[in-house]
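A, B, ... follow the sequence lines: proteins, then strands. Residue 1 opens every chain. Remember, predicted model here, so these are calculated numbers, not experimental data.
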Number of protein chains: 4
Amino acid sequence: MARTTKKEAILDAALTLFAEKGVDAATTREIAERADTAEGNLYRHFEGKDDLVRTLFETTARRFADVLKAEAGDEDDPRARLEALIQGIFTFGESHPAAFQFLLASHPSHIPKDRDLLLGPYPMRLFVETIVRGVSQGAFRPVDPVLATGWIVAMAQRAVLLARMGLLADDRERIISETVEASRRLLAADPAPPVGEGPHDD
Amino acid sequence: MARTTKKEAILDAALTLFAEKGVDAATTREIAERADTAEGNLYRHFEGKDDLVRTLFETTARRFADVLKAEAGDEDDPRARLEALIQGIFTFGESHPAAFQFLLASHPSHIPKDRDLLLGPYPMRLFVETIVRGVSQGAFRPVDPVLATGWIVAMAQRAVLLARMGLLADDRERIISETVEASRRLLAADPAPPVGEGPHDD
Amino acid sequence: MARTTKKEAILDAALTLFAEKGVDAATTREIAERADTAEGNLYRHFEGKDDLVRTLFETTARRFADVLKAEAGDEDDPRARLEALIQGIFTFGESHPAAFQFLLASHPSHIPKDRDLLLGPYPMRLFVETIVRGVSQGAFRPVDPVLATGWIVAMAQRAVLLARMGLLADDRERIISETVEASRRLLAADPAPPVGEGPHDD
Amino acid sequence: MARTTKKEAILDAALTLFAEKGVDAATTREIAERADTAEGNLYRHFEGKDDLVRTLFETTARRFADVLKAEAGDEDDPRARLEALIQGIFTFGESHPAAFQFLLASHPSHIPKDRDLLLGPYPMRLFVETIVRGVSQGAFRPVDPVLATGWIVAMAQRAVLLARMGLLADDRERIISETVEASRRLLAADPAPPVGEGPHDD
DNA sequence: CATGAATGAGTTTTCATTCAT
DNA sequence: AATGAATGAAAACTCATTCAT
């Protein structure tokens, strides 16, 4: 009683294999086998292996963004929203491990357009926007929002990887709260200095 | 009377190509061509492509560690030492761009032994040791040193990548000092609370 | 609408070439060419060249055994049966010259399991069984049946080879009858000695 | 304190490897390694691999003939001489196992000239000559001497192989005496029939 | 004589893609 | 839609032979 269509089965199989061994090392034959279909059938649903990769990048990135959005909800406060987004990275890493690995470990040469992934309609944008707003509202100290996004996303991703490799002693909850706390410190606005004695930036 | 041996030429060519297009996409033919040698000669110096990858991992990781050590010198203060190490990541990213890219972007399935790269005799260990010492001396707040190493290294690496992709407005110096400052905030020990009024942790 | 499948064509081509030039000297390219197919197709039907060799050993040995069985029919008398089996070696050598050559001239290092070919479910067993029976019935003189099988099979095979090389003056029929006669003399039971005057076997 | 020259070391190494894995499967690199010399040096002593094969065929065939001659001595009686020659096959098989295997198992395509090996100045000729003489003297029954040589040599060779494979229960001495006895029966002249009662051949 | 790096043509094998059914 | 045999270009790898030292 398969609820999934053949096309979905192919996408699933490909995603898993791409994550496991990398895009190049995964063969169309393996993908077809794991999707329990004929190799030729793959070309009825996709233009070729490249198309499969492209499609997967888009859907997994969108799925990632969806998880982040769901986690952030309509939270308005930049600090709370940012923390929810970070939590979302962990959630996604756990609920979609293959997608997480695929998005992270694919060689740049396979990524359709680097800028898009980072700044396009996809995941990173949510961070950048939140940080931009937080800085302008004074909730965060002034930093380049793209750089700060890079820092925070990289931190969370690395935390997921280290946890997955069994290199961290703490449990899941603790790792997340530690990483959230770290991001808080990273962006915390400095306490307002006594009037008339502010720092000189020049 | 070339100063470089053929073996070195092969390693160089392979490193560049592996970094550019990924290990799988780089062919032995390309490598040989770029090294200006016959394809077969590659197999006199290495057991095969895999051996080439393994060798490169080891030498580039070691080279990375050497740059970090050189940058840190015999600095003893954990704070200063950590900052020097971070500076080292940028230095290495600039002086050995192909090695940097290769170490970062190779698919895990090509990495000989993940644990070794992170905790073995190689780069990451320098960070972990420094943080352990800093925490025990009270210079840093108490954190899991492996997790903190992950954060900081990931931050710096991502900063190098973003800069390389032209996504950052600031100049090199500024990006480095920002990233160093970020790591400082990440690990800064909290000010000692007034006696008798400390926070309750339970 | 060829009656033969591509797989059979490949096996045929390989057998011929293996017999002609030896397993090592026959290339997959030649095999594919002679089978009128693409080289890659060879690897859909077989795991590799080794698999091809293995498969051919099994099928040709079985085919050899089949010819022997057909020739021996349900003949019960050990003498008659043995002579039919010897006749079978010649028949096989003529009807399947490539298979005959392949079985004979392949280097031991290519033979999957020497014992099997000689004593396993295959050709030689038929001889051994017949000789065992003949000895126990007193039709043959007492000899090690394995050794006797070796003698007889080797004799017949060598006769086929010498004939094929044009070194024998006699015609086919004569060579066969001579060889059969030779085997008869080889195994003939000694005439019962007059009672009381027999040789002492100590 | 090597008594052997480099050239001899190369011949030895090649013979062993050719016997073990076949001419094609043995590489010049292996041969050089086993001879403890440089690969290139092989080409100082021989024109190439083919020359090595040719040389080995000649020397091993000659060595085989020498063993046979030594065994036969100046024995004049055809029966005794033939039995000594058969004994010689076993002697050679034991004293020069690699040479024995090399002469036997090399693919025909590597054998310089089949006729020469069988009938030329080499081993087989000794058998043919002895049998021709034995037949003309009435010591042996009338048979094609080439065919009879083939039978007897094949029998002895096969006996050596079976013994080497551990398929024979009897000990060395017994196997030899059995094989000699077999050849005796093979060629024994029929008892002269009473005058006027000769056999009818039709 | 000796060495072993270098060569390049050749080998086995892989794999994305096509196509007849 | 589905199949899986077939294709062929390209991949990794081998190896007899050459050559500078």
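The side-chain contact (heavy atoms from CB on, under 4.5 Å) with B/F18 is formed by just one residue from the set B/Q101, B/K49, B/H110; it is B/K49.
OP1 or OP2 of F/dT7 lies within a sub-4.0 Å distance of a side-chain N or O belonging to C/T37.
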Task: For DNA chain E, the dot-bracket pattern of Watson-Crick and G-U pairs whose distances stay under 3.5 Å, | for other-strand partners - done: .||||||||||||||||||||
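A pairwise comparison of heavy atoms in A/D24 and B/D24 identifies CB-CB, 3.2 Å as the closest pair.
Within the 4.0 angstrom heavy-atom criterion, no nucleotide atom of any strand lies near A/A25. Across all strands shown, C/T28 has heavy atoms under 4.0 Å from base atoms, whether or not it also approaches the sugar-phosphate. Nucleic acid contact for C/A26: sugar-phosphate only, since backbone atoms but no base atoms lie under 4.0 Å from a heavy atom of the residue.
Map B/D36 and D/D36 each onto its nearest nucleotide of DNA chain E; the residue landing nearer the 5' end is D/D36. If you find the closest nucleotide of DNA chain F to D/T27 and to B/G48, the one lying nearer the 5' end belongs to B/G48. If you find the closest nucleotide of DNA chain E to B/H45 and to A/E47, the one lying nearer the 5' end belongs to B/H45. Map D/Y43 and C/R44 each onto its nearest nucleotide of DNA chain F; the residue landing nearer the 5' end is C/R44.
At distances below 3.5 Å, at least one donor-acceptor pair connects side-chain atoms of A/R164 with backbone N or O atoms of A/G93.
Remark: D/R34 engages D/E20 in a salt bridge, criterion side-chain N to carboxylate O under 4.0 Å.
Put simply, chain B comes within 4.0 Å of DNA chain E, heavy atom to any atom, from E/dA5 to E/dG8, going 5' to 3'.
Judged as a side-chain contact (heavy atoms from CB on, under 4.5 Å), and not counting sequence neighbours, the contacts of B/D51 are B/F46, B/E47, B/R54, B/T55.
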